[in-house]
Amino acid sequence: MTDKITGVRTAFEADLARASSESDLEGVRVKYLSRGGVIAQLFEEMKSVPPAEKPVMGKLLNALKTESQKAFDGKKAGASHGPAQGERSIDLTLPGRPRPLGRKHPLTQTIDEIKGIFTSMGFSVATGPEIETDYYNFGALNFPADHPARDMQDTFFISKNVLLRTHTSPVQIRTMQNQKPPVREIMPGRVYRNEAVSARSLVTFHQIEGLYVDQGVTFSDLKGTLVAFARQFYGNDVKFKFRPTFFPFTEPSADMYISCFLCKGQGCRMCKQAGWLEILGSGMVHPHVLQNVGYDPERYTGFAFGMGIERIASLRYGVDDLRLFYENDVRFLQQF
Ligand code: DAH
């Protein structure tokens with residue numbers, strides 16, 4: 001009985017599809033849907049189906065009846081109002097189907113924008129490995145062996161000499177080893193630190209490193225470049241200041257601050273009432289670092305800087321929990 005029902009359904013669908021005129025349709029109606037039609041006959045045959053099977057068969061048969069009638073009615077309505085017979089009916093008044101658009105992750109958007117600003121100032125983009133040796137991550141950057149400066153960063157060591165890079169600064173070394181000055185590069189990438197995860201710190205995050213080495217590069221080039229960047233990224237009216245600090249690989253070194261763009265320097269939750277936000281570390285490349293890559297520090301000078309992308313993005317978008325950038329909750333991501 002099941003086979004029969006299926007057979008009738010297939011035959012009906014084929015006949016209905018083939019029907020291309022009013023009289024064809026009438027033929028289909030008489031053959032399947034009329035009182036003496038094939039479907040009515042099936043109902044007749046139900047009488048001899050064993051009682052145990054009746055509920056299931058009845059259901060199948062009823063479905064066949066209503067669906068066939070519906071398909072028939074639909075085709076008939078289309079045939080009488082729609083386009084000429086044989087043409088597909090297209091309703092041009094239906095609204096279009098929306099296509100959901102993907103978008104870039106807010107961290108990628110931030111990196112792309114920063115890259116765009118620096119490439120427009122003549123910088124190119126370089127990358128380096130995330131698994132580094134102690135030499136590239138520390139030694140070549142003038143962190144002396146066993147010097148407490150190495151404790152500034154909590155490192156994931158893979159073995160005694162191999163580690164997950166704690167910053168993008170080792171890419172400076174690789175870049176300078178591979179080319180002669182002038183060097184003008186920015187180096188975005190992922191870094192790792194062995195820290196407890198919280199709203200304010202993550203075990204992995206991103207940095208963008210910058211490096212400019214040539215003859216006659218001075219601290220005023222550093223300031224000019226970084227101020228031009230900050231104006232483009234944060235807006236023309238942003239105020240800035242540089243404060244002396246220490247990094248083993250630069251001398252002198254300076255942290256750059258901008259006036260808080262939320263409170264315009266008045267003091268708020270974002271800047272923790274300071275009115276200023278630290279956005280990057282920078283400095284003049286230490287002569288030892290130049291020597292380590294075979295550059296003559298008497299002839300060449302340069303500046304370098306490094307900034308944390310999650311920090312910059314969180315300040316810019318007012319995100320107060322860095323973990324949100326890694327949870328990939330679409331309700332969060334859709335806001336960018
Ligand atoms: N590597 C530093 C860090 O991870 C950031 C940094 C500071 C990079 C000063 C630089 C620089 O190139 O000149 O904290």
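As the structure lists them, so they are numbered: ligands from 1, and atoms in each ligand from 1.
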Exercise. Drop me the distance from S282's OG to F242's CZ, to the nearest 0.5 angstrom.
Key: 5.5 Å

Quiz prompt | N or O contact, T166 vs ligand 1, cut-off under 3.5 Å | solution = no

Self-check item: E67: partners by salt bridge (Lys or Arg N to Asp or Glu O under 4.0 Å), with sequence neighbours left out
Solution: R9

Quiz item: At under 4.0 Å between heavy atoms, which part of S282 makes contact with ligand 1: side chain, backbone, both or neither?
Solution: backbone

Exercise. Would you indicate whether the side-chain heavy atoms of L322 and F205 approach each other to under 4.5 Å?
Key: no

Exercise. Below 4.0 angstrom from a heavy atom of T250, which ligand 1 atoms are there? Numbered from 1 as shown, please.
Key: 13 (O)

Practice problem: Could you see which bit of Q172 sits under 4.0 Å from ligand 1, with heavy atoms only: side chain, backbone, both or neither? | Solution: side chain

Quiz item: For ligand 1, is there an N or O atom under 3.5 Å from any N or O atom of F247?
Solution: no

Quiz item: By number and element, which atoms of ligand 1 are closer than 4.0 Å to a non-hydrogen atom of G283?
Solution: 13 (O)

Quiz prompt | contact_flag F303 ligand 1 heavy-atom lt 4.0 Å | solution = no

Practice problem: May I ask you to decide if R243's main-chain N or O and D255's side chain share a donor-acceptor pair within less than 3.5 Å? | Solution: no

Quiz item: Just how far is it from atom CG of L60 to atom CD of E53, taken to the nearest 0.5 Å?
Solution: 11.0 Å

Practice problem: Select the closest option to atom 10 (C) of ligand 1 among E209, R165, R193, Q207, judged by heavy-atom distance. | Solution: E209

Quiz item: Short list, please: which atoms of ligand 1 are under 4.0 Å from a heavy atom of G281?
Solution: 7 (C), 9 (C), 11 (C)

Quiz item: Does any non-hydrogen side-chain atom of V191 lie less than 4.5 Å from one of T166?
Solution: no

Exercise. Show which atoms of ligand 1 fall inside a sub-4.0 Å distance from at least one heavy-atom site of S169.
Key: 1 (N), 8 (C)

Quiz item: Does ligand 1 have a heavy atom under 4.0 Å from the side chain of F305, from its backbone, from both, or from neither?
Solution: backbone

Quiz prompt | Qualifying residues under salt bridge (Lys or Arg N to Asp or Glu O under 4.0 Å), relative to R269, sequence neighbours excluded | solution = D320

Exercise. Flag the pair R174 and E132 as a salt bridge only when some basic side-chain nitrogen lies within less than 4.0 angstrom of an acidic carboxylate oxygen.
Key: yes

